[in-house]
Amino acid sequence: MSAFVLGVGQVPFTGPTRVEMGDLGGAAARAAVADAGLTLADIQMAAVGSVYEHPSVGQRVLLRLGINGVPLVNVENACTSGSTAIIEAIRWIESGEADVAIAIGVDKMASHYSSGPIDLVDADDMFGAQGLTVPAMFGLLAEKHMSEFGSTREDFAQIALKNRTYAASNPYARFQKAPTLEEILGAPNIATPLGKFDCCANADGAAAVVLASESFARTHGDGRQIGILSAVLGGGHLGDRLFDDPMTPVSRRAYERAGVGPEDIDVVECHDNFSVAEFEAYERLGFCAPGEAQLYLREGKSKIGGGGAAFNTNGGLLGRGHPAGATGCVQVASVVAQLRGEAGALQHPGAKTALVHTSGGGVMELQSNATTAIVLSR
Amino acid sequence: MTKTMSELSYVTDRMFRPDVVAVVDGAEVLVGGECEQCGDVRFPRALACPVCNAAAESIHPRSLGSEGVIVAASRVDRAIPPFVPPFMLAYVEIGGARALGQVETDEGEPAVLIGRSCRVITGENYRVNEESVHSFRFEVNK
Ligand SMILES: [Zn+2]
């Protein structure tokens with residue numbers, strides 16, 4: 001184990017809120033430290049991820065915690081900002097620079113942007129100049145899969161239904177009521193075949209993860225600590241993400257370093273910013289062969305207790321909402337609850353090993369800005 | 001043979017960029033880039049070669065031709081201004097590269113477009129302050 005998760009915490013994800021960014025981050029951090037059974041005085045290093053906030057986000061958050069003088073790294077890495085902050089904290093622990101570190105992710109995306117689908121494209125770039133939106137990029141991916149492999153519009157709707165249904169049992173999710181399959185299929189089209197419910201909504205929110213070295217975890221852990229088997233950050237390639245995606249090599253490297261394969265993974269948090277993104281993850285993260293995601297889905301394997309790896313068990317981005325900087329941290333919080341057996345009505349039986357995948361984009365000429373994969377085990 | 005910048009006759013009138021469409025033998029062609037070090041061909045011309053890291057001055061404009069094949073298409077019904085939906089977006093394989101652009105078609109659904117051949121045209125892409133901004137586009141061959 002390179003490091004251990006001792007505590008996780010978050011605030012409820014919401015639409016536009018008047019609560020200040022620093023207060024959201026501070027509340028999530030206090031919750032994570034309390035969950036770890038530690039005090040704020042134990043924190044030796046902080047990494048804080050956000051995308052759409054002002055500079056010095058981390059300093060503004062730590063002011064709310066009374067944490068003074070600890071080394072702090074602010075991280076902006078698109079939607080992987082939170083997971084990159086976690087990897088940064090892990091590296092500080094692995095190198096011996098810190099025994100206890102906290103990764104915090106925070107964004108008020110719903111406040112800064114309309115709460116509709118995320119479609120922030122730089123109109124100066126070649127793709128933006130053609131009218132490409134982020135939903136359209138994923139619509140193209142879905143249309144290509146349908147045409148090549150016989151997946152259907154309803155397959156994508158089923159993923160939206162699954163994740164929104166799980167979110168309805170997650171009190172921290174932005175969306176507390178699941179639509180019906182008919183409502184999903186009948187919703188306004190955004191970019192074929194994806195409708196409104198196939199696209200995640202922006203949210204305001206924060207989440208945090210407390211990490212510690214093995215020696216510290218052994219002496220201070222309460223028995224609920226979860227090991228980090230591997231944590232990999234990958235860069236983006238110039239190219240079209242329809243044709244391949246860094247999530248394949250990045251997840252393979254994470255499996256290899258962890259000494260596991262997809263067959264060992266019980267629960268997955270993947271970056272379902274669109275329903276088809278979870279769908280493609282079944283293939284690209286190695287849970288089924290290329291072209292067979294619809295079979296994995298239709299057999300119910302990605303559901304809790306479905307006989308495969310359960311995906312996005314507390315709602316994913318589709319159900320929780322997406323405060324970009326917080327997403328990586330809340331993904332880790334979700335699988336930590338699973339591995340501890342604390343996921344309540346959403347518990348996947350026998351969860352021992354988990355994968356967290358996050359994709360960050362924005363520079364449309366790149367397949368991704370950054371991609372992360374973290375393998376955890378109890 | 002790779003045509004150099006000066007040899008290509010570019011279409012620039014109202015175009016959002018002056019270096020992406022040229023006229024060769026009377027037909028509008030898409031112009032991409034070819035790396036002189038490693039031969040990598042792509043659209044748009046890269047700022048540096050992603051295969052061998054050659055700098056921009058080693059990547060030369062290259063005609064990708066006027067005919068391509070649609071490999072993915074999606075109808076966009078929600079767009080960011082100044083774009084006015086609905087419109088069809090497609091990935092087109094053309095001249096050894098891939099290009100994303102809008103497709104002019106009267107055939108409604110994306111599924112019927114995949115695998116079809118198309119050709120490069122230019123036309124209005126969007127308007128800014130009543131001014132028409134043009135771009136390369138693709139027209140599906142009948
Ligand atoms: Zn090259």
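By convention in this document, chain letters (A, B, ...) are assigned in the order of the sequence lines, proteins followed by strands, and residues within each chain are numbered from 1.
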*Asks:* Name the member of A:Leu242, A:Leu194, A:Asp240 that forms the most heavy-atom pairs with chain B at distances under 4.5 Å.
*Replies:* A:Asp240

*Asks:* Sort B:Ile114 into side chain, backbone, both or neither according to what part of it lies under 4.5 angstrom from a heavy atom of chain A.
*Replies:*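 B:Ile114 touches chain A through side-chain heavy atoms alone.
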
*Asks:* To the nearest 0.5 angstrom, please state how far the OH atom of B:Tyr91 sits from the CG atom of A:Leu132.
*Replies:* 6.5 Å

*Asks:* Run the numbers on A:Gln130 and B:Leu89 for side-chain contact (heavy atoms from CB on, under 4.5 Å), then give the verdict.
*Replies:* CA-CA 8 Å; A:Gln130 303 307 316; B:Leu89 274 175; 4.2 Å; yes

*Asks:* Under a 4.5 Å heavy-atom cutoff, which of B:Ala73, B:Ala90, B:Pro86 has the most pairs with chain A?
*Replies:* B:Ala73

*Asks:* Does CD belonging to A:Glu256 count more than 12 external heavy atoms closer than 6.0 Å?
*Replies:*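 12 or below, so no.
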
*Asks:* Could you go through residues 137-146 of chain A and list every donor-acceptor pair under 3.5 Å that involves a side-chain atom there, pairing it with any protein atom two or more places apart or in another chain?
*Replies:*
from	atom 1	to	atom 2	distance (Å)
A:Glu143	OE2	A:Thr192	OG1	2.9
A:Lys144	NZ	A:Glu148	OE2	3.2
A:His145	ND1	A:Ser151	OG	2.8
A:His145	NE2	A:Glu283	OE2	2.7

*Asks:* Answer yes or no: is there a donor N or O on one side and an acceptor on the other, between the side chain of B:Asn125 and the main chain of A:Ala129, under 3.5 Å?
*Replies:*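 Yes, because the side chain of B:Asn125 sits within donor-acceptor range (under 3.5 Å) of the backbone of A:Ala129.
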
*Asks:* Can B:Val20 and A:Met126 be said to form a side-chain contact (heavy atoms from CB on, under 4.5 Å), step by step?
*Replies:* CA-CA 10 Å; B:Val20 290; A:Met126 177 66 82; 3.4 Å; yes

*Asks:* Within this structure, what is the CZ-CG distance for the pair B:Arg42 and A:Leu238, rounded to the nearest 0.5 Å?
*Replies:*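 Interatomic distance, B:Arg42 CZ to A:Leu238 CG, rounded to 0.5 Å: 5.0 Å.
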
*Asks:* Using non-hydrogen atoms and a 4.5 Å limit, figure out which bit of B:Phe87 sits close to chain A: side chain, backbone, both or neither.
*Replies:* side chain

*Asks:* I'd like to know whether CG of B:Leu47 has more than 12 heavy-atom contacts from other residues, nucleotides or ligands below 6.0 angstrom.
*Replies:* no

*Asks:* Looking at every non-hydrogen atom in both residues, tell me the closest pair between B:Phe83 and A:Gly131 and how far apart they are.
*Replies:* CZ-N, 3.2 Å

